[in-house]
S.K.: 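The following block contains the structure, expressed as structure tokens.
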Amino acid sequence: MNMDIASDEMTLFRDMARRAFEQEIAPHFESWEEDHLVPREFWNTMGTAGLLCPDVDEAYGGAGTAPHVTLMLIEELSRMGFGGIATGYGIHSNIVAPYISRHGTEEQKQQWLPKMVSGEAFGALAMTEPGAGSDVQGIRTSAVRDGDEWVLNGSKIFITNGIHADIVVVAAITDPGKGAKGTSLLLVDTTLPGFEKSRKIEKIGQHTSDTAQLFFQDVRLPANALLGEENRGFVIMMEELPRERLGIAAQAVGAAEGALDITVDYVKERKAFGQSIGEFQNTRFKLADVKTQIGLSRALYEQCADEYAQGALTADKAAMLKLASCEMQCSTIDDCLQLFGGYGYTVEYPISRFYTDARIQRIYGGFIRNHARTGLRARCWGARALKQRVLLAGATGYIGSRVARELLTNDYDLICPVRDVSSEACDTLRAFASDCETGSLHLLAADLQDPENLDRALQEYRVDVLVSCIASRSGGVADSHQIDYLANHYLLQWAVKSEVKHFTLLSAICVQKPRLAFQFAKLRFESELAASGLSFSSVRATAFFKSLSGQLQRVSRGKPFLMFGDGTLTRCKPIAEADLAHFIRLTLESDALKGVQEIGGPGPAISPLEQAQLLSRLTGQPLRTKCVSPKLLRGIAALLDIPGRFSKGIADKAEFVRIGHYYATESMLHWDKDQEAYDADATPEFGTITLEDSYRAQLAGAGDQALGDQAVFR
Ligand SMILES: Cc1cc2nc3c(=O)[nH]c(=O)nc-3n(C[C@H](O)[C@H](O)[C@H](O)COP(=O)(O)OP(=O)(O)OC[C@H]3O[C@@H](n4cnc5c(N)ncnc54)[C@H](O)[C@@H]3O)c2cc1C
């Protein structure tokens with residue numbers, strides 16, 4: 001470690017820490033391990049001894065040291081075999097305090113940092129949820145703005161320090177529909193009404209680190225609880241990952257060194273075949289190997305710590321450090337335990353605790369979170385060893401533009417043939433791509449209905465996979481043939497010729513019971529795609545939120561909710577546009593999602609009447625509905641059919657009315673052919689954002705949810 005940065009203070013703190021840990025932890029450690037908890041006062045004792053958050057600025061009560069000192073304290077705790085305490089300490093001093101120091105307002109720093117230094121306030125970081133671990137983009141906990149307050153709802157799991165925490169940094173969705181870009185961080189005081197902590201979660205190791213589930217039910221937070229800017233939570237979490245990973249590496253290196261020390265002592269004492277086992281050549285080779293492995297990790301760790309202090313540590317390098325040091329920790333401690341023979345497997349010998357404490361190190365700190373943006377991706381992401389080049393057709397359309405953002409955020413290179421490269425939609429995409437640190441975007445002018453033009457436009461491009469999100473705008477008979485069938489047909493021809501590896505088609509769940517021109521066109525293409533021999537996914541999506549949001553403003557203004565029949569003729573499991581885009585991306589990454597894929601949102605199935613009830617509850621307006629007979633639409637379509645024989649425009653209008661009638665009478669659910677009935681349970685669910693989340697956000701003025709083009713309801 002760079003001694004210029006930390007030499008004197010390092011020695012001072014190390015001596016102080018060793019004495020304090022020997023005195024304050026060692027005598028009680030066994031009983032705390034049995035209790036699976038350290039007493040809360042222990043953290044006050046650490047604060048009084050000046051050992052909490054040493055690198056917090058002096059202005060906020062800290063010692064203003066280099067970050068190396070905090071890392072060294074984590075190392076020492078780990079070396080002494082106090083792995084669980086090292087984790088709790090690291091979350092408080094190495095993660096939560098830096099989050100507040102680096103992203104908090106002056107008021108937040110004044111409010112929390114001095115208390116964190118003294119131990120009066122103990123910190124936790126809550127990202128993980130039952131449905132969002134490695135994939136932090138799946139977070140469902142939401143914070144909705146209500147006047148001067150945020151209202152927090154949701155739950156978190158596996159939260160270190162969850163039981164003792166006084167202040168928790170919580171990641172929550174503040175703008176549903178925007179995925180990671182709609183995530184914010186909130187500083188949550190655990191004494192607020194609606195905040196609940198579960199029992200401790202029992203683990204196989206690190207017993208002194210308390211791990212809990214947290215629940216938030218209408219927790220009202222002041223507006224100034226926001227940590228960093230609104231909707232920048234994901235960016236902040238990414239920015240702070242290098243420090244989190246450094247802390248984990250400090251634990252890994254410290255623990256491995258501690259395990260080696262006790263192993264060297266043991267092999268000197270233990271005799272077998274008339275000599276100490278340390279004299280066997282195998283033991284010496286093994287220990288030399290262990291020492292070398294630790295030395296390599298230590299060298300990288302110290303280099304990274306210096307780079308972090310100088311503001312030069314990259315996310316990639318920190319991820320490599322985390323991966324290498326945690327694997328080193330687990331394998332070297334396993335080798336050490338082996339040298340203890342059967343004694344190593346008993347709880348009486350501390351090496352067994354080093355062993356069980358180590359295992360979690362390769363899990364927390366994230367999986368994708370660690371590796372997604374590193375050169376190590378080949379190892380973790382299987383098929384995505386190299387950047388994938390995607391031809392995305394329909395990138396300026398409603399779902400296509402969301403798929404484009406999803407793919408860019410996840411580091412794909414996009415080639416998007418569009419009608420007009422200077423359109424507003426293209427400008428929006430370009431702006432998104434230039435903000436996005438990952439992926440790349442190439443927009444090129446091409447006519448998808450002209451195969452020669454398409455060939456010319458794409459001749460210089462090599463593409464790995466193709467995603468088609470094109471759909472006719474009007475749903476008219478001719479348009480459906482031109483776009484839903486013919487343009488896709490040309491794309492498929494090009495894909496086969498260009499040896500594209502996979503073709504994902506955005507289809508619709510309603511094609512399973514076809515009656516409309518666009519459904520027949522989609523089905524015709526789908527069967528061509530299946531027969532092409534190309535690997536493919538046809539995503540038969542249910543209704544997305546746009547189509548269910550058209551009446552939100554009507555109802556907010558006190559107008560009745562318009563529905564067909566008694567409002568129970570149909571049901572659907574709507575899906576958020578962001579979740580649908582996520583699913584489409586996964587079809588490029590997972591073999592399990594090949595073939596025809598029906599897909600709905602996170603359920604349960606909802607009828608128009610239930611939507612009306614939901615909107616009434618959320619807007620505070622009394623439930624008012626107005627029923628329209630679907631027969632009316634059938635009558636209009638029949639009337640238009642006659643002049644439609646002579647006019648394409650009128651024929652399209654008739655088809656449009658038929659589409660309205662179809663949606664008024666058919667559910668967007670799996671159709672069970674044998675039972676001749678829709679089956680909500682058999683409609684697969686995907687995603688995390690519920691319709692209620694989306695309505696709430698839209699009512700609070702958040703979200704980028706476009707309102708539905710429901711002309712009949714205007
Ligand atoms: C003791 C302990 C302490 C913790 N402390 C905290 C804390 O303080 N705060 C907090 O927010 N969280 C905490 N966590 C949660 C921890 O960060 C998560 O458990 C971790 O991110 C993994 O998430 P998961 O458990 O949901 O696993 P999943 O996301 O379900 O992943 C399981 C496995 O699936 C595989 N996998 C997942 N995605 C992919 C993919 N795209 N490609 C290939 N393989 C994949 C990997 O092998 C992965 O290990 C803690 C967990 C434990 C056990």
Side-chain angles (χ1 to χ4, degrees), residues 36-37 83-96 99 122-141 154-165 167-172 183 185-186 188 190 197-198 200-214 216 233-234 236-237 240-241 244-245 247-248 251 319 322-323 326-327 330 356-374 376-385 406 409-411 582-583 585-593 688:
H36 287 199
L37 197 67
I85 297 181
T87 297
Y89 178 89
I91 295 277
H92 175 82
S93 298
N94 192 55
I95 299 181
V96 179
Y99 263 68
F122 197 48
L125 173 71
M127 295 184 200
T128 307
E129 298 184 6
S134 311
D135 185 2
V136 283
Q137 298 192 47
I139 286 173
R140 284 184 72 172
T141 293
S155 70
K156 298 283 175 181
I157 196 165
F158 296 138
I159 305 309
T160 302
N161 300 345
I163 299 284
H164 282 330
I167 176 71
V168 184
V169 175
V170 175
T183 308
L185 298 179
L186 293 145
V188 183
T190 61
K197 302 167 177 179
S198 75
K200 305 183 293 270
I201 295 172
E202 301 296 337
K203 312 184 294 288
I204 60 169
Q206 295 208 354
H207 297 308
T208 39
S209 139
D210 75 73
T211 314
Q213 193 163 4
L214 307 179
F216 321 113
F234 191 72
I236 297 176
M237 291 191 278
E240 292 307 315
L241 265 177
E244 184 179 342
R245 291 163 178 159
I248 292 172
Q251 283 180 265
K322 197 262 175 183
L323 180 66
C326 294
E327 293 205 349
C330 289
T356 44
D357 283 356
R359 188 59 185 84
I360 182 61
Q361 288 264 97
R362 286 163 55 206
I363 299 172
Y364 58 25
F367 176 77
I368 302 305
R369 286 213 289 264
N370 288 315
H371 309 305
R373 297 176 58 195
T374 78
L376 305 176
R377 188 169 33 209
R379 185 161 176 182
C380 316
W381 280 41
R384 288 214 52 210
E406 170 77 19
T409 314
N410 286 281
D411 212 8
H582 182 184
F583 184 82
R585 166 169 69 83
L586 293 183
T587 62
L588 307 180
E589 295 170 12
S590 166
D591 285 345
L593 299 182
T688 53

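These numbers come from the heavy atoms of this one structure, side chains and all, not from hydrogens, waters or symmetry mates. In each ligand, atom 1 is the first atom listed, and ligand 1 is the first ligand listed.
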S.K.: In Å and rounded to the nearest 0.5 Å, what is the CD to SG distance from Q251 to C326?
M.R.: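 With rounding to 0.5 Å, CD (Q251) is 8.0 Å from SG (C326).
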S.K.: For ligand 1, which atoms have a heavy atom of I91 less than 4.0 angstrom away?
M.R.: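 Checking each atom against I91, I get 8 (O).
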S.K.: Under a 3.5 Å cutoff, is there a donor and acceptor pairing between the side chains of T128 and K156?
M.R.: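 Checked: T128/K156 side chains show no N/O donor-acceptor pair below 3.5 Å.
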S.K.: Can you tell if the side chain of T211 reaches within under 4.5 Å of the side chain of S209, non-hydrogen atoms only?
M.R.: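 Touching, per the 4.5 Å side-chain cut-off.
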S.K.: Is there at least one pair of N or O atoms, one from Y364 and one from ligand 1, spaced under 3.5 Å apart?
M.R.: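 No: no nitrogen or oxygen of Y364 is under 3.5 Å from one in ligand 1.
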S.K.: So, is M127 polar-close to ligand 1, with some N/O to N/O distance under 3.5 Å?
M.R.: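 M127 vs ligand 1: N/O contact under 3.5 Å present.
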S.K.: Should T128 be counted as touching ligand 1, given the test is an N or O pair under 3.5 Å?
M.R.: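 The answer is yes, given that T128 and ligand 1 share an N or O pair closer than 3.5 Å.
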S.K.: Does even one non-hydrogen atom of Q206 get within less than 4.0 Å of ligand 1?
M.R.: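 No.
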S.K.: Please report whether ligand 1 has a polar contact with F158, defined as an N or O pair separated by less than 3.5 Å (distance criterion only).
M.R.: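 Yes, there is a polar N/O contact under 3.5 Å.
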S.K.: Do N94 and Y89 touch side chain to side chain, with heavy atoms closer than 4.5 Å?
M.R.: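 In short, these two side chains do not touch, never coming nearer than 4.5 Å.
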S.K.: Suppose I only count heavy atoms of K203 and a 4.0 Å limit; which atoms of ligand 1 are within that range?
M.R.: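 Going through ligand 1 atom by atom, the ones under 4.0 Å from K203 are 1 (C).
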S.K.: Look at the side chain of T356 and the backbone N and O of G205, then say whether any donor-acceptor pair between them is shorter than 3.5 Å.
M.R.: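 Answer holds: no.
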S.K.: How long is the straight-line distance from OG1 of T87 back to NE2 of H92, given to the nearest 0.5 Å?
M.R.: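 Spacing of NE2 (H92) from OG1 (T87) equals 14.5 Å.
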S.K.: Please identify which atoms of ligand 1 are closer than 4.0 Å to at least one heavy atom of I363.
M.R.: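 Heavy-atom distances to I363 below 4.0 Å select 20 (C).
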S.K.: Does the N or O separation between A126 and ligand 1 drop below 3.5 Å for any pair?
M.R.: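 So ligand 1 has no N or O lying under 3.5 Å from an N or O of A126.
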S.K.: Is there a side-chain contact between M237 and L185 in this structure, where contact means two heavy atoms from C-beta onward sitting under 4.5 Å apart?
M.R.: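 In contact.
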